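Predicted, not measured: the structure shown is a model, and the values here were computed from it.
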Amino acid sequence: KTQDASVNAQTVLPGVPGVVNAVSNPQDAGIPTVSITGGYATLGSATNIPQGRRSNTYELYSDTSKIAIFSGVTHTFKFGYYGRREETWRFLDGTSRGSISFASFTQFAGTCPTCAGVAQITTSSIRTGDTLGHWYRYPHAFYVQDDMKITPNLTLNVGLRYELPSVLTEKRDRGTNFIPGVGPVLLGSDLVLGINTALVGPASLTYTPGPVTLTGAGVRPDYTDIGPSIGFAYTPKFGPGFFGDGKTVIRGGFRIGYDDLFNNIPINQTSNPPWSIATTQRAGVTQPSTYSWNLAFNQNVPLISTTASGTEVGLLTFNAEALNAKQAYAENWNFSMQREITQGSTIEVSYLGSSGHRLGVQLDANQPLVIVKNPSLRGSQAPNVQIFPYPTWGSSLVSSFDGSSIYNGLVISGKVHFTRRLTMNSSYTWSHSIDDTSSFLGTTFDSEMPASSNAPLSAQRSNSAFDQ
């Protein structure tokens with residue numbers, strides 16, 4: 001609970017439309033987040049709170065092993081099943097208190113030359129409505145594995161795993177997914193969200209049957225996740241010396257493994273309009289220039305605005321998931337040679353590689369194209385013209401699974417056994433990683449979004465953010 005959770009913003013900012021009334025909405029009580037460019041401390045709390053989550057997980061699994069000998073080869077068979085039920089209740093009322101940005105302290109104080117005694121805002125956001133969702137899913141996995149002792153110095157391992165990741169489903173169909181080529185579609189229906197420009201605010205939202213019908217998950221299930229694996233360990237015993245004294249071990253393997261989707265990705269559909277209305281006003285985009293407090297949080301305004309370059313753009317934004325989203329997976333391979341130097345001391349040289357496929361990346365389906373008429377000005381500034389694919393809406397981030405990566409590494413490691421109680425390990429890794437998305441939900445130093453959603457990901461491929 002934040003320090004200002006008991007503050008009633010309506011008494012701090014009287015007469016400002018849209019600020020939270022702590023009496024009628026105690027959950028979102030608190031002052032707006034205020035940021036001022038120029039090194040000033042931020043007022044208010046973080047924009048991702050208040051939020052809350054409760055999760056229940058029920059698991060069922062079974063593993064069986066059987067040792068058998070066929071044609072003189074010892075087999076250790078293993079097979080099993082794993083299943084679970086996940087339930088998640090989550091609300092994410094980020095920016096429900098509002099957030100405001102000022103380009104300078106003078107614009108905050110209203111003392112700039114063009115302010116006329118009134119604060120001039122650069123960007124503001126506010127969220128209203130209900131973001132609580134109740135989501136569930138039933139993932140399953142089956143596997144079979146065989147460890148074969150081919151000879152006393154050769155072991156072979158083969159296996160196969162099949163996963164049914166299931167899709168998170170909202171129990172009450174409370175959610176909206178943004179489908180590129182169609183627009184925002186309500187879960188459990190074929191209703192496409194639209195806006196009646198003759199009205200203002202939430203009352204202007206319309207619902208029209210469309211070409212796509214969604215289930216309560218908003219996406220289609222994935223049945224393609226098959227993961228084979230193979231590995232071996234071999235101690236050569238032929239000829240004299242290096243390959244004949246039993247002190248060398250050669251190992252190698254390959255496998256395909258699948259990632260589990262971060263539940264927040266589909267759950268974010270509950271926070272989309274019309275269930276929750278988040279609007280963003282931005283100088284030069286939704287407003288001709290900087291604006292005052294009376295427009296910052298007022299949602300009873302036209303939900304479609306006109307940019308400085310004269311094109312239309314919506315105020316409502318979306319967080320969506322690709323309709324045919326599939327689980328990310330990685331191909332992993334390795335080859336190593338280990339040599340015993342003295343009793344209990346070894347040196348090992350290993351090659352490691354991995355290739356990531358269907359990696360998660362957020363792409364803005366409504367990123368504008370720009371007609372440049374004055375190269376000296378930024379894209380959003382007139383006379384340059386922005387063309388939005390969906391001018392009814394604002395930013396529409398779609399979590400897609402189109403990324404890829406490649407990693408190759410050489411590892412040299414050694415272990416020296418000094419005494420029964422003292423062992424020293426040392427290793428050195430030389431590696432390189434290349435990708436077109438280094439993280440699904442990035443951090444400060446590891447952005448999750450490509451530089452452009454309009455350019456092919458292959459054109460934005462480079463060294464990974466974590467590459468050393």
Side-chain angles (χ1 to χ4, degrees), residues 1-35 42-54 88-102 108 118-119 121 123-135 170-176 184 186-187 193 195-196 199-207 264 267-281 286-287 291-303 314-319 394:
K1 193 172 183 178
T2 58
Q3 292 179 339
D4 65 341
S6 60
V7 176
N8 192 339
Q10 284 199 350
T11 62
V12 178
L13 299 169
V16 176
V19 294
V20 175
N21 184 344
V23 176
S24 59
N25 184 9
Q27 177 172 283
D28 298 331
I31 64 173
T33 303
V34 179
S35 302
T42 299
L43 302 176
S45 52
T47 56
N48 65 337
I49 54 177
Q51 61 175 282
R53 171 193 296 266
R54 188 181 78 193
T88 299
W89 293 261
R90 192 201 75 168
F91 73 91
L92 184 59
D93 289 357
T95 65
S96 291
R97 297 166 175 166
S99 67
I100 299 178
S101 298
F102 295 91
F108 167 72
V118 179
I121 299 169
T123 306
S124 60
S125 300
I126 188 73
R127 178 185 297 278
T128 59
D130 183 9
T131 66
L132 179 63
H134 181 188
W135 295 77
E170 215 289 324
K171 272 198 165 184
R172 302 161 297 169
D173 293 336
R174 289 181 59 87
T176 304
L186 273 63
L187 302 192
L193 200 63
I195 291 179
N196 181 350
L199 302 176
V200 297
S204 66
L205 296 176
T206 63
Y207 307 90
N264 275 12
I267 289 176
N268 282 339
Q269 295 175 94
T270 304
S271 300
N272 288 333
W275 317 101
S276 173
I277 305 295
T279 53
T280 297
Q281 299 273 20
T286 62
Q287 294 294 328
Y291 51 96
S292 58
W293 284 93
N294 65 312
L295 291 176
F297 305 137
N298 185 6
Q299 291 191 327
N300 287 317
V301 295
L303 296 182
L315 272 64
L316 301 185
T317 62
F318 294 86
N319 268 291

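In this structure the side chain of L92 never reaches within 4.5 angstrom of the side chain of N264, judged on heavy atoms. Taking the side chain as every heavy atom from C-beta outward, N319 and S271 never approach each other to under 4.5 Å. Using a 4.5 Å heavy-atom cutoff, the side chains of I121 and Q287 are not in contact. Looking at heavy atoms from C-beta onward, I100 lies out of side-chain contact with F108 at the 4.5 angstrom threshold. Contact check for P273 versus L303: no side-chain heavy atoms found under the 4.5 Å cut-off. Within the 4.5 Å cutoff, the side chain of T123 has no heavy atoms near those of the S35 side chain.
When all heavy atoms of N268 and R90 are compared, the closest pair comes out as OD1-NH2, 3.1 Å. Between P274 and L186, the shortest heavy-atom contact is CD-CD1, 4.1 Å. The shortest heavy-atom contact between I126 and S96 is CD1-O, 3.4 Å. Contact between F297 and S124 at its shortest, heavy atoms only, is CE2-CB, 4.4 Å. Here the closest non-hydrogen pair linking F102 and A119 is CE2-CB, 3.9 Å. Of all heavy-atom pairs spanning N300 and P202, the tightest one is OD1-CD, 4.1 Å.
Here the side chain of S276 pairs a donor or acceptor atom with the backbone of T128 at under 3.5 angstrom. Remark: side-chain polar atoms of S204 are not paired, donor with acceptor, to backbone N or O of I195 under 3.5 angstrom. No donor-acceptor pair closer than 3.5 Å links the side chain of N298 to the backbone N or O of P17. N8 places a side-chain N or O within donor-acceptor distance of the main-chain N or O of A22, the cut-off being under 3.5 Å. Listed for the T33 side chain is a donor-acceptor partner under 3.5 Å among the backbone atoms of S45. At least one donor-acceptor pair under 3.5 Å links the side chain of Y291 to the backbone N or O of Q281.
Residues forming a salt bridge (charged side-chain N to carboxylate O under 4.0 Å, His left out) with R174 (at least two apart in sequence, or on another chain): D130.
With values rounded to the nearest 0.5 angstrom, T47 atom OG1 is found 10.5 Å from R127 atom CZ. Separation of atoms OG1 (T95) and CD1 (I49) is listed at 11.5 Å; rounding is to 0.5 Å. Rounding to the nearest 0.5 Å gives a distance of 9.5 Å between CD1 of I277 and OG1 of T317.
A donor and an acceptor atom, one from each side chain of T270 and E170, are nowhere located under 3.5 Å apart. Side chain to side chain, R97 and N25 fail the donor-acceptor criterion of an N or O pair below 3.5 Å.
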### Task
For side-chain contact (heavy atoms from CB on, under 4.5 Å), just list the numbers for F318 and L193, CA-CA rounded to whole Å, side-chain angles, deciding distance to a tenth of an Å, and then say yes or no.
CA-CA 12 Å; F318 294 86; L193 200 63; 4.2 Å; yes

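A side-chain contact (heavy atoms from CB on, under 4.5 Å) with L205 holds for exactly one of L199, L316, N196; it is L316.
Note on ring orientation: taking the six-membered ring where Trp is involved, the planes of H134 and W89 are parallel (angle under 30°, cut-offs 30° and 60°).
The salt bridge (Lys or Arg N to Asp or Glu O under 4.0 Å) pairs that include a residue from residues 11-34 number zero, where partners must be two or more places apart or lie in different chains.
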